[in-house]
Structures are given as C-alpha cells and as structure tokens.
Amino acid sequence: NINTKEDVLKAIENNNVKFIRLQFTDIQGVVKDVEIPVTQIEKALSVGISFDGSSIEGFVRINESDMVLKPDTSSFAILPWNQKKGVVARMICDIYLPDGTPFEGDPRYTLKKVMKEAKEMGFSLNVGPELEFFLFERHDGKATTIPHDFGRYFEFAPADLAEDIRRDIVLTLMDLGFEIEASHHEVAFGQHEIDFKYGDALTTADNVTTFKYVTRTIAKLNGLHATFMPKPIFGENGSGMHVNLSLSKNGENIFYDADGDMQISDEARYFIGGLLKHVKAITAISNPLINSYKRLVPGYEAPVYIAWSGANRSSLIRIPAARGKGTRVELRSPDPSCNPYITFAAVLAAGLDGIRNKIDPGDNREENIFELTDKGLRDFGIETLPSTLNDSAKYLADDELLKEALGAHVHNSVLSLAKAEWDSYRIQVHDWEIERYLNTV
Ligand code: ADP
Ligand code: MG
Ligand code: MG
Ligand code: MG
Ligand code: MG
C-alpha cells in the first residue's frame, strides 16, 4: 500500500521504474499526461511540474496559463504493459496555480470540494459505476465500427470471441489494484461490460479514468479499437455508465433502514428527490456529447422518463434488490463519455440538496414506463430527460445550486464546451437529410 512520498520513492527503487506518467483530466474527461524521467520525481513531489494550462480544453486563457501538476502519492501504480524500454509508473495529479492555491477548474478539485461539504454533514459518498464499451476492428490501423465479435448478452465463446481480450483487460485492471466483480458480454455485437467494486467517490472517479485508459490500451495491443462513445451504431443498444450510489455515516450505509418502507431510509428518499429535481441539468454533465442523446431514446434500455422505482429497469432511478450494506440508488442516465469527477460532484450536490431540504421524490413507479401511453405519462406527471445537449445545457445554465457547488469556473467551462459542440453540430448537413429530401423536395 503506497501513501507517502517515502513509499513512492521506495516503490520506484524496488521496481526499477524509469519513467513516470503524470496524469490529469480536462473538463471533458479526456486523460492528459506528461511523462517525466525518474530523475525528476523529487521535484515533482516537492514543488510540482509546470505546464501550460491554456492548451487544455476548458482550463484557462493564455494570459493566466502557468499551472502546476502535483502527483497524489496514493495513486502511484506501475503500468503493467510495454516494459521493454524500462518500467513506467503513473500518478494522478492535482492542479495548482503558481502561487500554490488549488486551480478551481480542476475536475478533481471540484469533486473534493463537494465531498468536503458532504463530510461536514457527516456523509461520505460511495460510487459503483458499470462501464459499457464496444470493441471494434481496426483496418490498416484505423478504427472502424465493425464489431469484433457477434456475441449477445451473457454469451460465451465461440460467439464471444472477445472473451480472451476482456480477460486480458480484467487481469491488467487487477494488476492495477482493481477489485473486479464481474465481466460479461453486453446486448450489442462487440459490446461488453466490466464491473468493479464501489469505493469513495474520488477513488472511483480515478478508477473510471484508469479503466478507460487500460481498456483502450489493451484493445490496441490486440489490434482492436475500444470506444466509450455512447451510441456508435444506429439501431443497437448504446453504452451507458450506470452509477450506483450510497451514503455512509460512521461506516454505516445510511440508505438502509430495516423498518422503512421498501427498507430504505428517509435520507435515501430525499437523496432521490434531489437527484430528480436536478437531473435535467445534470444531464449536460453526465451526457456531454451530441452523440449521448442518440442513446437516450426509447426502446434500447436507456432511460428517458424521469421517475424512480424499486427493481424496475425501465426507470431513470432504480433501487436494486440488495439490502443492508448493498442498499443503493442506481442512476441509469450517465454514459461513459462523461467526466466522472464532475458527474459525481454534481450527483452528490443534488443528493445533498435533497437531504438538506427534505425533497420528496414522489411515488415510485413499478409499471413498465416504456409501455405507458402519452396520457399515462401525463396522468402520473412523468417528465422526460432533455433530448438534446442544447436543452440540457439550458437547464444547467439555470441551476443555481449546481453552479454554486461546482464553482463558476467549471459551470462555465461545461456550458461553453456544450455550446461549441452544439454550434458545430447544428450547421452540419447530415446523410439522413440528403437521403430523405434530395429527391423528394
Ligand atoms: P446491475 O444489476 O445494475 O447490472 P452490477 O452488478 O453490474 O449491477 O453493478 C453493481 C455496482 O454497484 C458494482 O459496481 C458494485 O460494487 C456497486 N455497489 C454495490 N454496493 C454498493 C453500495 N453500497 N454503494 C455504491 N455502490 C455499490
Ligand atoms: Mg451491470
Ligand atoms: Mg452486472
Ligand atoms: Mg449493462
Ligand atoms: Mg446497472
């Protein structure tokens, strides 16, 4: 177990590490890294390594671009691949300004800030994400959208050709300290899911970043392309990242209440109330791409309607059957293209708002919501998630609670990236339009 600076130096020596990759994520959740030779580690650990923040998406303007990376010693891990030219380790970094204050636009800082607020109320958030992804063929080194296998949900070899590669990913993640709970083929051809054990929100956000990095790397080493794009193929299920959530207080899961209705506590209910209240705005963060909204449509198991339920998988928020320690709230809208730090920060802030203000989530819905008519939806007062990034961004712009919780810098950056994405998309002329109109209009 590595925690202190001394632990890191010892691990470097024991494993003959030659290079260290210093990693952080931009506002969009893209992993960035600089590699330093091991000779620079003392400096990195004491004063940090400078970099130009103006070239990172969503960070700062040119005139205030000097920033400093400081590695989090507890994130030290040896990368198990490509060791021929020397062992490489990675460390996840926090971002500081030259004067030593934390940089407010750092997604990791944002999450820590909201976690601190939770801690003041005695709470710690646990998150367990379920990441789905596609493995596609590469032709002449270039990514295609041709699925690498023709397996379906829970199928195994020979249909599930990817079994060996998935196991390779799982073994690599285990080398990096992940506790893997399960891995299986998903519904679509070429689609997979790997589940790892939940942890506190910061550890899990770091893990999501590492997970994506490992999956892409191992796929590439096997001549394949792994993608976390939410909806790569029309007419097939997209990839989600369900987020399982619980709050603990003094080590106890406070969402469980043996005597409560459905055996869940008032806190769990209010937390859901807060999620439901802010979920339209959260969507701009948890579903940040134009393509994210191609997944959030009826008919492919992705949530569309804003409701909560027990085990019913047709609603946005579900309470899986486990009770006791495993009592949790599952939010099913996020997809794996989101920035996990900002997403967990927003989800936590919304849940805390629910608890503080005792927000009533309304009745749980146990019918198959996908089968309700428009009238049925109206009668139950069930609303829908925003159907475009432009819409969800409007909800986020108006959400004062999230603006306050995330900080103006991150709130602004997310909104301007969403606007740029939308502006670039809306002026395109799509193949669909040509097919539909060219000959008939
Ligand atoms: P599903 O039934 O929705 O497919 P999975 O079994 O794939 O669910 O994933 C469940 C996730 O929930 C795992 O990451 C697991 O570690 C996590 N989990 C279990 N208990 C808790 C808890 N108390 N708080 C948060 N996450 C939890
Ligand atoms: Mg699952
Ligand atoms: Mg599962
Ligand atoms: Mg799944
Ligand atoms: Mg799930």
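Atom set for the values below is all heavy atoms of this structure, side chains included, hydrogens, waters and symmetry mates excluded. The shown structure was predicted, so the numbers you read here are calculated from the model rather than taken from an experiment. In listed order, ligands and their atoms are each counted from 1.
A side-chain donor from one of S337 and D335 sits under 3.5 Å from a side-chain acceptor of the other. Looking only at atom types and distance, the side chain of S392 has no donor-acceptor partner in the side chain of T283 under 3.5 Å away. For the residue pair T327 and Q263, no side-chain donor N or O sits within less than 3.5 Å of a side-chain acceptor on the partner.
Here the options are H139, R138, H225, the test is side chain to side chain contact (heavy atoms under 4.5 Å, CB included), and the partner is T144; only H139 passes. Across D72, I2, I36, L45, a single residue satisfies side chain to side chain contact (heavy atoms under 4.5 Å, CB included) together with M91, and that is L45.
At a heavy-atom cutoff of 4.0 Å, ligand 1 is contacted by the side chain of E181 but not by its backbone. Residue N253 touches ligand 1 through its side chain alone, judged by heavy-atom distances below 4.0 Å. The part of R313 lying near ligand 1 is the side chain, judged by heavy-atom distances below 4.0 Å. Heavy atoms of N244 found under 4.0 angstrom from ligand 1 belong to the backbone as well as the side chain. The proximity of H184 to ligand 1, defined as any non-hydrogen pair under 4.0 Å, does not occur for either the backbone or the side chain.
Applying the side-chain hydrogen bond (donor to acceptor under 3.5 Å, both in side chains) rule to pairs touching residues 246-259 yields N126-S248, sequence neighbours excluded.
Ion pair R108/D206 flagged as a salt bridge, since at least one NZ, NE, NH1 or NH2 atom sits closer than 4.0 Å to an Asp/Glu carboxylate oxygen. A salt bridge does not link R328 to E330: none of the charged side-chain nitrogens sits closer than 4.0 Å to a carboxylate oxygen. Classification of D399 and K403 as a salt-bridged pair fails, no side-chain N sitting under 4.0 Å from a carboxylate O. By the 4.0 Å N-to-carboxylate-O rule, E35 lies close enough to R21 to be salt-bridged with it. A salt bridge is absent between R356 and D353; no separation between the charged side-chain nitrogens and carboxylate oxygens falls under 4.0 Å. Using a cutoff of 4.0 Å between basic side-chain nitrogens and carboxylate oxygens, D33 and R90 are not scored as salt-bridged.
For ligand 1, the atoms closer than 4.0 angstrom to any heavy atom of E193 are 7 (O). Interface of K325 with ligand 1, defined as ligand atoms under 4.0 Å from a residue heavy atom, comprises 23 (N). Taking every heavy atom of T327 and a limit of under 4.0 angstrom, the matching atoms of ligand 1 come to 23 (N).
Around the Mg ion (ligand 5), protein N, O or S atoms at less than 2.8 Å comprise E130 OE1, E130 OE2, H242 ND1, E330 OE2.
The minimum distance between the Mg ion (ligand 2) and any N, O or S atom of E193 involves atom OE2.
Annotation: N126 places no N or O atom under 3.5 Å from an N or O atom of ligand 1; distance criterion only. Considering backbone and side-chain atoms together, E130 places an N or O closer than 3.5 Å to an N or O of ligand 1. Annotation: L245 places no N or O atom under 3.5 Å from an N or O atom of ligand 1; distance criterion only. Taking only nitrogen or oxygen atoms, main chain and side chain alike, S246 reaches within less than 3.5 Å of ligand 1. Between K197 and ligand 1, not a single N/O pair is under 3.5 Å apart.
Within the 4.0 Å heavy-atom shell around ligand 1 one does not find F255.
Within a 6.0 Å sphere centred on NZ of K220, heavy atoms belonging to other residues, nucleotides or ligands number 12 at most.
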